[in-house]
Participant: 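One structure, as structure tokens, below. Some questions next.
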Amino acid sequence: MRILVAPDSYKGSLSSKEVIEAMTEGIRRVVDAEIIKVPIADGGEGTVDALISLSGGKIVETEVIGPLGNTVKSFFGILDGGTAVIEIAASSGLNLVPDDMRNPLVTTTYGVGQLIKKALDEGCRRFIVGLGGSATNDGGAGMVQALGAKLLDEDGKDIPYGGGNLSRLKEIDIDGLDKRIYESSFMVASDVTNPLCGKNGASYIYGPQKGATPEIVNILDKNLYHYAKIVEKTIGKDFKNVPGAGAAGGLGFSLIAFFNAKVRSGIEIVMDAANMEEKIKSCDIVITGEGNTDFQTAFGKAPAGIAKIVQRYGKKVIILSGGLGSGYKELYKIGVTAMFSIVDRPMTIDEAVHDAKRLISDRMEDIIRLFV
């Protein structure tokens with residue numbers, strides 16, 4: 001038996017590598033199978049680790065301005081060949097903001113710009129930027145400020161951080177924008193196709209999970225629209241309705257507008273690096289999973305991307321996740337064989353997170369017994 005084990009991370013609990021080891025332990029209790037291990041990610045947390053594991057490279061650790069304006073420890077990856085991989089969750093992520101301090105009026109993407117600048121200093125001129133897990137809604141304004149652009153108010157002073165201050169923007173001066181950007185290529189790893197503004201835009205769709213009340217959502221949306229108009233005046237083009245502009249609180253918009261970034265599905269980027277199709281073709285069973293599987297998984301998250309390839313070859317694909325949420329059965333329509341949660345009794349999320357390794361191994365053992 002040949003088994004491909006290719007889970008995403010269980011966010012807030014285990015990295016994809018740790019999930020793989022727990023799954024492998026469960027499989028080994030039952031059968032001495034050949035196990036192919038592939039850590040994957042979809043552009044969010046774990047993307048740097050996954051691509052370095054697949055392609056080789058190194059982690060560069062540094063410090064940046066975090067989403068709340070304080071200094072935080074961060075990192076990015078440099079793949080063999082010189083491509084920088086940045087996951088914005090490492091500098092502007094929701095995981096860096098305590099629950100009681102979540103407020104996209106004040107959070108900034110300044111740290112993302114600092115990571116890009118550091119990678120430029122390291123000689124990188126190709127970039128993959130994963131846009132999952134942001135705490136921000138500033139349209140990427142902080143990022144371009146960190147790279148030398150001036151976002152000025154009516155008094156000619158730099159506007160403060162945060163989506164709540166975009167209404168004060170009068171002019172953008174890009175003369176100081178780091179010229180090395182124009183020598184570089186940017187690929188945005190994101191499955192979000194939302195425009196920047198409107199009812200399907202960054203603020204309305206994703207603002208609430210970042211701490212925005214309905215009143216704040218309205219403010220943020222108006223501010224992003226204002227920001228887009230000033231950007232259009234500055235560069236002569238309108239990018240606010242480009243699919244993906246609304247990703248990461250509008251960070252996608254600034255990457256597209258100022259850096260000429262191309263948007264591609266995060267899971268596709270990772271699966272190409274892993275040569276996933278060839279691995280799937282040669283396997284009997286494929287095991288994947290994530291922290292929580294629900295209706296959103298079908299819209300381009302890692303397990304769905306794998307399932308769509310598996311379906312073409314008539315193989316069995318099992319999803320083992322921390323939890324199964326609303327609408328998870330939609331995944332049966334794209335070729336998933338069966339789905340399971342790791343929990344074995346009623347328990348709190350904290351209990352499941354703390355005991356995740358054992359729970360994964362035990363459930364994996366149960367699942368493999370069905371095939372042996």
Side-chain angles (χ1 to χ4, degrees), residues 8-9 11 15-17 39-97 107-136 138 140 142-148 177-178 180-190 247-249 251-252 254-256 258-264 266-267 269-270 272-274 302:
D8 200 345
S9 62
K11 292 178 178 61
S15 69
S16 55
K17 284 184 177 179
I40 59 169
D42 58 11
E45 292 178 56
T47 299
V48 170
D49 193 40
L51 286 173
I52 286 178
S53 295
L54 295 167
S55 303
K58 65 177 181 178
I59 297 285
V60 178
E61 296 182 343
T62 186
E63 290 187 341
V64 299
I65 298 298
L68 294 175
N70 56 316
T71 300
V72 299
K73 292 182 179 180
S74 188
F75 65 91
F76 62 94
I78 301 179
L79 304 183
D80 290 345
T83 297
V85 184
I86 293 169
E87 53 187 61
I88 67 161
S91 60
S92 302
L94 203 58
N95 57 302
L96 299 174
V97 183
T107 48
T108 179
T109 54
Y110 196 92
V112 178
Q114 290 178 298
L115 290 181
I116 292 172
K117 187 176 187 304
K118 177 68 173 175
L120 288 167
D121 292 343
E122 293 281 336
C124 298
R125 296 295 182 269
R126 295 188 302 276
F127 290 80
I128 297 171
V129 185
L131 297 191
S134 80
T136 56
D138 71 350
M143 174 188 68
V144 295
Q145 285 177 309
L147 285 160
L177 195 62
D178 196 315
R180 295 174 296 179
I181 289 169
Y182 305 120
E183 305 167 1
S184 306
S185 64
F186 289 82
M187 178 73 71
V188 172
S190 174
L251 180 61
S254 283
L255 284 163
I256 294 166
F258 291 106
F259 300 171
N260 194 31
K262 308 303 180 186
V263 181
R264 191 180 177 204
I267 184 58
I269 291 172
V270 174
D272 280 357

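Hydrogens, waters and symmetry mates are skipped; everything else that's a heavy atom, side chains included, is used. One-based numbering along the sequence shown.
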Participant: Is there a donor-acceptor pair under 3.5 Å between the side chain of Ser74 and the backbone N or O of Ala90?
Facilitator: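 Looks like yes, one N/O pair under 3.5 Å.
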
Participant: Around atom NZ of Lys117, are there more than 12 heavy atoms of other residues, nucleotides or ligands at under 6.0 Å?
Facilitator: no

Participant: OH/Tyr110 to CG/Leu115 distance, rounded to the nearest 0.5 angstrom?
Facilitator: 12.0 Å

Participant: What I'd like to find out is whether the side chain of Phe186 reaches to under 4.5 Å of the side chain of Ile181, using heavy atoms alone.
Facilitator: yes

Participant: Answer yes or no: is there a donor N or O on one side and an acceptor on the other, between the side chain of Ser55 and the main chain of Leu79, under 3.5 Å?
Facilitator: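 Between the backbone of Leu79 and the side chain of Ser55 there is no qualifying donor-acceptor contact (under 3.5 Å).
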
Participant: Is any side-chain heavy atom of Leu51 less than 4.5 Å from a side-chain heavy atom of Val270?
Facilitator: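 Of all side-chain heavy-atom pairs linking Val270 with Leu51, at least one is under 4.5 Å.
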
Participant: Apply the side chain to side chain contact (heavy atoms under 4.5 Å, CB included) test between Thr109 and each candidate in Val144, Ile65, Leu251, Ile88; give the one that qualifies.
Facilitator: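 That would be Leu251.
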
Participant: With a 4.5 Å limit on heavy-atom distance, are the side chains of Lys262 and Asn260 in contact?
Facilitator: yes

Participant: If you look only at distance, which donor and acceptor atoms sit under 3.5 Å apart when one is on a side chain in residues 123-134 and the other is two or more places apart or in another chain?
Facilitator:
residue	atom	partner	partner atom	Å
Arg125	NE	Glu183	OE1	3.4
Arg125	NH1	Leu120	O	3.1
Arg126	NE	Thr83	OG1	3.1
Arg126	NH2	Gly81	O	2.6
Ser134	OG	Lys210	NZ	2.9

Participant: Heavy-atom distance under 4.5 Å between the side chains of Phe258 and Met143, does that happen here?
Facilitator: no

Participant: Using a 4.5 Å cut-off on heavy atoms from C-beta on, say whether the side chain of Glu87 contacts that of Asp49.
Facilitator: no

Participant: Do the non-hydrogen side-chain atoms of Ser53 and Lys17 ever get within less than 4.5 Å of each other?
Facilitator: yes

Participant: In Å, rounded to the nearest 0.5 Å, how long is the span from CG of Leu94 to CD of Glu45?
Facilitator: 9.0 Å

Participant: For the CG atom of Asp8 and the CG atom of Asp42, what is their distance to the nearest 0.5 Å?
Facilitator: 5.0 Å

